[in-house]
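Heads up, the thing below is written out as structure tokens.
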Amino acid sequence: MQFVSYYCFSNDYINNIIAHEYDFNGGDLAPYFVSFLRAVSGKLNRDTLCLLVKVHGDAVVSFPLYNEALKFSHHEEKMIQTAIRALTLSIYNVSDDMVYQYITTPPVSKYFSNLVLSLKEQCLHLDALVLAEEETFTRQKRKELLLETDKIVDDLYYIKDIIKVGEFRLSRLVTENLLSLLVFPLLQFKQSNGSKFSTVTSLFLVSRLLQVIGGKDMINSVAATILCPYMSSSVRNSFQGNTAGEINYPNSLFEHLNKMESMVCSVPECEGEENITCPNDEACKERSGILDCIFSENQSLLLASLFLLLIIAESKDLDYFLAPIIGISGMHDMAVMDGNILVRFMDQILNALLTVLVRQPPFSVQTQWHIGWFLRKLLTIQGKMINDYNLQLFNTSLEQSCECVRKELDGCWFDHMPEAFGKEWASCNTALEESSQLKDPFLSLELAVGQQTSDGDTATHHAWHRMVEAVKVFILHLQLKSSILTGNLLEYPLLNSVPSTATDSGRTHASDVSSASFGSEVSLGSGTPCRISFSNAGIRDVYLIPVARGISGKLLLAEKHPFRSQRGVVLAIAPLAGLDPKIDEAHPTWLHLRIREFDPKFVQSKIKGHRSEMSSHLADGRWILGFPSNKACEAAQLLILEEIRKQRSSVESLLSPLLRNYHLENLSNGHDKQTSHAQVC
């Protein structure tokens, strides 16, 4: 087989086939041709590569396989693009010195600049979607944004794969193109000064680029650019002079910094401080850069700029000359400097975040969880205590979240709240402990576009989401308070189940009633006779049996057993919570019940990942029960309400330790005077 490969590759047989001028207009020739090229690239190694290139002297002058493949690099069919990228990576991984020289020399090297320019066009398209003015932010708009960001991320991973080949000339060429054609234009932050990108999109794209590609060159090039306005003259000189040894930053970085330097003028030294450079009046707004974004009234800019700063700060590749300017001392084992960004402006940054958290009406749960992530990051990393004013803001937000949970205890999904606390506790901990390298900055784009609408969800579906969101926000606040007081997150408290003997109905229920299922036999001793009309079974005489056992509750409709007068067969079951029994004003012997058709467990089993979207448009079910008299109808309504009250009381008893904040107070015993600010709810 190896002999066959050598034979086919030699004497230009394969090259002649590849270089033949084919007519790719119309038909299916292009996919077959690309498949052929891909198959050839699969046979490449250091021994066969030399058979496919043409050499003059010590230089490669032609490489038909590579040249012809690049003609399809921007083909409209995604499968062809993918095949070409796999082919190029195969070539990069087996190339020798002469082939690398050929690939990285014009005009062949233009492929890499075209690649970055194509990526830039995709970024502009994303920005256009973000800036498009629409009345509402629907799921469809969100899907469009996700689709565009996924395309960009795919290209970034391809570029990362090229850089990871590890050949210096190739890596440096790709990095230089990426910096000069995309990154530096993005970091201008202002459309009015030559950049075609909005600031929030720029911040998102640079953050995503650092997460995917990273590396010393990229991390420090971005860091130096955004931190340049805050560098002292000695730090700037040290950084620019630090080119010895293993650190060899791209030339485009220093060219860009020199360009920024030309906009800078010196100001008089402050007492006790080194001379700091600052921009002239016109350039000041432009050059105030990252801080201008952090203290913007635009929440999307606040989150996007802080996120970029934290990605840089947490990177192990950050230059030790730049680390102190950000002020993440704990990550780099360096002394905290009074002049760094986060130490100097920590109180203002925390205040900006807490102002968003306390906002009414509140932002989405995901936004609040992101705010919580930022707060915990800053407090944990910096080890700086929260001041009294910011603590007051936090306590106000905590009180609001507690009140929302209490309201949900009167809602139609209170029976699912204990389960929601168990599930969302772990989710909240995971979200708060997430690394900046893994966290998706997409939220900044969502905020820039606007709040998402419900797209026609049913009443109970919307109510379920509202309940879950109230639980999520409350858990977030409990965890943030624990972080403020102790620096740690709380473990999930084991909520003790409420004994059924304490909360059962005052009437006697047979044990089989509480565990009854469709078709099972139950006692009719506690049932109330009534009638109901089924669409497919006509009018039926049934017994209404509401029963609450602990935190669970159900309503049974049972038909009398044909042979056992005190027994019945269950025809239908509905959850007690959400029934909302109402007597018909025009027909006072009719009782209307709302039945929750939406099943959270079914929906959750279909959702995979936080980006999935699924909506339920099932209409809420309705039962209309007829009673022999007005009095019987009223009695049935009161009976149902009493059982709902007992079930709700069990849920309240179960959750009361959290709502009264006992769990947190136990943690805070013996703490310093800061705990005196923490009594809430």
Side-chain angles (χ1 to χ4, degrees), residues 412-416 418-419 497-583 588-597 599 601 621-654:
C412 66
W413 289 100
F414 69 86
D415 54 329
H416 279 251
E419 181 183 14
S497 298
V498 180
S500 60
T501 55
T503 56
D504 284 350
S505 170
R507 297 170 293 109
T508 301
H509 291 288
S511 60
D512 60 348
V513 174
S514 61
S515 60
S517 58
F518 181 78
S520 62
E521 289 187 20
V522 295
S523 171
L524 298 180
S526 60
T528 302
C530 60
R531 308 184 81 188
I532 186 172
S533 177
F534 292 106
S535 59
N536 57 352
I539 298 176
R540 308 287 285 269
D541 291 313
V542 296
Y543 285 78
L544 178 146
I545 310 174
V547 55
R549 289 291 177 113
I551 63 173
S552 64
K554 62 180 71 174
L555 176 70
L556 307 179
L557 295 184
E559 192 172 35
K560 183 180 288 187
H561 196 283
F563 306 112
R564 306 171 68 183
S565 60
Q566 297 302 313
R567 306 289 291 178
V569 179
V570 177
L571 297 180
I573 304 176
L576 269 181
L579 285 178
D580 191 24
K582 292 182 179 179
I583 297 175
T589 60
W590 291 4
L591 184 64
H592 293 266
L593 302 177
R594 180 182 62 187
I595 310 300
R596 298 186 319 211
E597 295 288 353
D599 186 351
K601 293 181 179 178
R622 292 283 173 181
W623 288 357
I624 303 177
L625 303 178
F627 294 86
S629 65
N630 296 1
K631 187 176 181 180
C633 187
E634 292 174 0
Q637 181 190 39
L638 293 175
L639 184 62
I640 294 173
L641 290 174
E642 175 63 14
E643 293 300 298
I644 292 175
R645 185 195 66 78
K646 293 179 181 297
Q647 183 187 8
R648 181 181 289 110
S649 177
S650 297
V651 174
E652 289 175 340
S653 298
L654 190 64

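Just so you know, residue 1 is the first one in the sequence shown, and it goes up from there.
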Set of residues satisfying salt bridge (charged side-chain N to carboxylate O under 4.0 Å, His left out) with respect to Arg648, sequence neighbours excluded:
Asp410
pair [X]-[Y]: side-chain heavy atoms closer than 4.5 Å:
X: Val542; Y: Cys530; result: yes
X: Val570; Y: Lys554; result: no
X: Phe627; Y: Thr528; result: yes

Can you pull out every side chain to side chain donor-acceptor pair (under 3.5 Å) where at least one residue sits in residues 627-639? Sequence neighbours excluded, please.
none
Quick note, side chain to side chain donor-acceptor pair (under 3.5 Å) partners involving residues 538-548, not counting sequence neighbours, are Arg531-Asp541, Arg540-Glu559
By side-chain contact (heavy atoms from CB on, under 4.5 Å), Leu638 pairs with (sequence neighbours left out) none
Taking only residues two or more places apart in sequence or in another chain, which ones pass side-chain contact (heavy atoms from CB on, under 4.5 Å) with His561?
Glu521, Phe563, Arg564, Arg567, Val569
Side-chain ion pair, Glu643 and Lys646, N-O less than 4.0 Å:
no
Okay, side chain of Arg594, backbone of Gly578: is any donor-acceptor separation there less than 3.5 Å?
yes
Do Ser653 side-chain atoms and Ser649 backbone N/O form a donor-acceptor pair below 3.5 Å?
yes
Could you tell me which non-hydrogen atom of [X] sits nearest to which non-hydrogen atom of [Y], and how far apart they are?
X: Ala574; Y: Leu579; value: CB-CD2, 4.2 Å
X: Ile545; Y: Ser526; value: CG2-OG, 3.8 Å
X: Gln647; Y: Ala577; value: OE1-N, 4.0 Å
X: Pro529; Y: Pro628; value: O-CD, 4.2 Å
X: Leu571; Y: Phe518; value: O-CE1, 2.7 Å
X: Gly568; Y: Leu524; value: N-CG, 3.6 Å

Report the distance from atom [atom1] of [X] to atom [atom2] of [Y], rounding to the nearest 0.5 Å.
X: Ser650; Y: Ile551; atom1: OG; atom2: CD1; result: 8.0 Å
X: Leu593; Y: Leu557; atom1: CG; atom2: CG; result: 8.0 Å
X: Ile624; Y: Ser533; atom1: CD1; atom2: OG; result: 9.0 Å

With Pro581, which of Leu639, Ile640, Leu555, Leu625 fulfils side chain to side chain contact (heavy atoms under 4.5 Å, CB included)?
Ile640
Residue pairs passing the salt bridge (Lys or Arg N to Asp or Glu O under 4.0 Å) test where at least one lies in residues 572-581, sequence neighbours excluded
Asp580-Lys582
